[in-house]
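Here's the structure we're looking at; comments come further down.
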Amino acid sequence: MKASFSLPFLVASYVAAHGYVQKVTIDGTEYTGPAVDSGSTDGITREVSTQDPVKGATNSNLTCGPGAIAAIQVADANPGSSISFLWTGASGSAWPHNVGPMITYMTNCGDQSCADYDPTGTEWFKIEEVGKTDGTWAQAALMSGTAAEVTLPSNLAAGNYIIRHEIIALHNAQAEGGAEFYPSCTQLKVGGSGTGTPSDSDLVKLPGAYSDTDPGILIDVYTDSQNDSYTFPGPAVVDLGGDGTSSSSRGICRLKKHPTANDTATLAKRKIVASHVSRILRGLDFSFHRH
Ligand SMILES: *[C@@H]1O[C@H](CO)[C@@H](O)[C@H](O)[C@H]1NC(C)=O
Ligand SMILES: *[C@@H]1O[C@H](CO)[C@@H](O)[C@H](O)[C@H]1NC(C)=O
Ligand SMILES: *[C@@H]1O[C@H](CO)[C@@H](O)[C@H](O)[C@H]1NC(C)=O
Ligand SMILES: [Cu+2]
């Protein structure tokens, strides 16, 4: 199988295929855009200037994505709100990657609206992280158009928050600097009567919390694919009190579809390093990564 297609042909047909958050849905209300490099600030999610990943754990673009600019709106949410992030390519094509974690952080914008907040150097707390189950990364479900679902902590104190949903794509992470970071920042105003605030030890900076040699960032995901153990980068998921159910476990349960389970296993078994081989084999496109 691995000799049945020609590598030079694939390289020649390279199409940049990365992505961004096209739509956020909060308790059923949809917020679309702004599109990549549109110059638009209309929306609740900060526009990024490219669908390309952030490379390097200390890159300043790790905060909110490449060249991120503030959006003019904020969305209402509440403790326990269900927030989904629909990731696609910049052109609307399917999300192209299926290995690596998805991690969600929040930061408090203080008394001001997050539309006016500069998050440079701000401190974040982690509310959720999803890895893999039975050898399949939760991220893989995005390839078929499933949105990543996150539940706000049930006891989150009211306030202005940026929620930062991040995909770390690990298809090239076996070499230092190969991990692809896709951060995204969405502006919220959280209501309700929660009392939970993070403690100092929960708070980290982004960039700051990650290193290019962290075990979850410098990693060969093509070995031992059925082993679900994975060391997430960054701090532990915060415990803000409340009902005692971690948003992390709920996040996993909500991802119902695992359509690429076999692709991932097959790909790992064959030790093929090309990142988009599973899609190529299914004839969906000829996206291919060179790094
Ligand atoms: C951050 O992203 C912008 C927009 O893509 C880019 O021009 C800039 O070089 C990036 N900064 C770093 C440190 O990579
Ligand atoms: C999974 O990998 C971890 C870390 O390499 C190792 O400690 C553990 O024993 C492995 N588990 C299984 C079931 O192979
Ligand atoms: C995975 O592949 C096996 C063997 O080809 C097949 O029996 C099974 O139904 C597949 N599972 C899924 C989820 O497609
Ligand atoms: Cu990509």
Side-chain angles (χ1 to χ4, degrees), residues 10-11 13-22 34-41 45-71 85-103 118-122 137-146 148 162 164-185 205-212 217 219 221-222 260 263-264 267 272-282 284-291:
L10 291 172
V11 171
S13 62
Y14 171 83
V15 178
H18 305 295
Y20 80 117
V21 171
Q22 182 197 90
V36 171
D37 199 27
S38 59
S40 171
T41 56
T45 300
R46 295 189 171 214
E47 184 233 33
V48 289
S49 60
T50 171
Q51 66 172 343
D52 294 347
V54 177
K55 302 295 284 290
T58 59
N59 190 317
S60 57
N61 285 325
L62 201 72
T63 305
C64 280
I69 54 174
F85 299 88
L86 178 65
W87 289 84
T88 69
S91 65
S93 57
W95 176 254
H97 302 304
N98 64 1
V99 288
M102 300 190 288
I103 308 180
D118 177 0
T120 305
T122 196
W137 294 87
Q139 183 194 153
L142 307 189
M143 292 178 78
S144 63
T146 300
I162 292 175
R164 178 183 177 280
H165 190 253
E166 171 182 51
I167 295 174
I168 307 178
L170 296 175
H171 51 283
N172 288 317
Q174 61 273 33
E176 189 172 331
E180 298 187 351
F181 300 93
Y182 296 90
S184 73
C185 284
K205 295 189 176 181
L206 292 162
Y210 299 166
S211 153
D212 286 324
I217 291 176
I219 178 175
V221 292
Y222 302 109
T260 59
D263 294 341
T264 305
L267 189 146
I272 297 170
V273 295
S275 63
H276 295 293
V277 162
S278 62
R279 304 193 71 216
I280 293 164
L281 293 176
R282 287 188 291 144
L284 292 181
D285 69 19
F286 289 92
S287 309
F288 189 77
H289 273 277
R290 291 174 298 167
H291 291 283

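Whatever order the structure lists them in is the order used to number ligands and atoms, beginning at 1.
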### Query
Who's touching ligand 1 if we go heavy atoms under 4.0 Å?
Ser49, Thr50, Asn59, Ser60, Asn61, Pro66, Gly67
### Message
Which label fits His97 and His171: parallel for a plane angle under 30°, tilted from 30 to 60°, or perpendicular past 60°?
### Response
parallel
### Distance-minimising heavy-atom pair for Thr63 and Cys185
O-SG, 3.6 Å
### Query
From the Cu ion (ligand 4) out to just under 2.8 Å, does an N/O/S atom of His171 turn up?
no
### Glu47 versus Val36, closest heavy-atom pair with distance
OE2-C, 4.3 Å
### Task
Tell me which N, O or S atom of His18 sits nearest to the Cu ion (ligand 4).
ND1
### Message
I'd like to know if the side chain of Asp212 reaches the main chain of Gly177, judged simply by a donor and an acceptor atom lying under 3.5 Å from each other, with no hydrogens or angles considered.
### Response
no
#### Entry: Residue pair Ala179 / Ile217: nearest heavy atoms and the distance that separates them
CB-O, 3.7 Å
### Message
Testing the 3.5 Å rule here: is there a donor-acceptor pair between the side chains of Trp95 and Gln139?
### Response
yes
### Message
Below 2.8 Å, can you find an N, O or S atom of Tyr182 next to the Cu ion (ligand 4)?
### Response
yes
### Query
Taking only residues two or more places apart in sequence or in another chain, which ones pass ring-ring contact (aromatic ring centres under 6.0 Å, His included) with Phe85?
His165
